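Structure first, commentary second.
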Amino acid sequence: MSMRQKGNRQRIYCIANLIPYGKVATYGQIAKLAGCNPLFVGYALAALLDDSDTPWHRIVNRHGQVSIRNDGKPDANQRIALQQEGVCFNVHDRIDLTKHRWAGPTLDWLVEHGFDPINQEGDT
DNA sequence: TGCGTGACTGCCT
DNA sequence: CAGGCAGCCACGC
């Protein structure tokens, strides 16, 4: 696996790359999958370049809103990119996570890539 | 070589 | 019900 990197960032990127078109994931969701704090997810994505293959624009905060950068305002381009994928924003500039939230990778994928399935909420 | 920065979330008071 | 605090990886200068 190319994910043998000890850094959680590589994991975060790998998971982020799985987010399908028209779907969004939260920092906490990615964090739990990667086995690290949500804070690191933000840190990791902040280091991504605009030309990165990682669909970082599909990752929003737990309020369903576009993340706010150190500029003091959300990246309008992120919202536009999401809207182009069919993601709708509410009156409060929020995404309906109950409709657009990514269900997450399959258990097979987790095992295939050496992730810890036990860490996931496999409750019934 | 060491320190500060950097896109968040959940629990406690 | 709302606000504040703690968590701890990787990169640049």
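Letters go in sequence order (proteins before strands), and every chain restarts at 1. In this text the structure is predicted, and so the values were computed from the model without any measurement.
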Counting only heavy atoms not in A:Asp53, do more than 12 fall under 6.0 Å of its CG?
no

Mind checking whether [X] and [Y] have side chains closer than 4.5 Å, heavy atoms only?
{"X": "A:Arg79", "Y": "A:Asp93", "answer": "yes"}
{"X": "A:Ile15", "Y": "A:Trp102", "answer": "yes"}
{"X": "A:Asn8", "Y": "A:Asn37", "answer": "no"}

For DNA chain B, find the residues of residues 17-25 of chain A with a heavy-atom distance under 4.0 Å and give them by number; none if there aren't any.
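Those residues: none at all.
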
For A:Leu97 and A:Arg101 the tightest heavy-atom approach is O-CB, 2.6 Å

All heavy atoms of A:Ser67 vs all of A:Gln78, minimum pair found to be N-OE1, 4.0 Å

Check the orientation of A:Trp109 and A:His113. Use parallel for under 30°, tilted for 30 to 60°, and perpendicular for over 60°.
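Parallel.
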
Specify the separation, in whole Å, of atom CD1 of A:Ile12 and atom C1' of C:dG7.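 So the two atoms are 14 Å apart, to the nearest Å.
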
- prompt: Are a donor atom and an acceptor atom from the side chains of A:Thr54 and A:Asn17 found within less than 3.5 Å of each other?
  reply: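 Yes, side-chain donor-acceptor contact under 3.5 Å.
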
Under a 4.0 Å heavy-atom criterion, the protein footprint on nucleotides 4-9 of chain B, written with B, S and -, is --BBBS

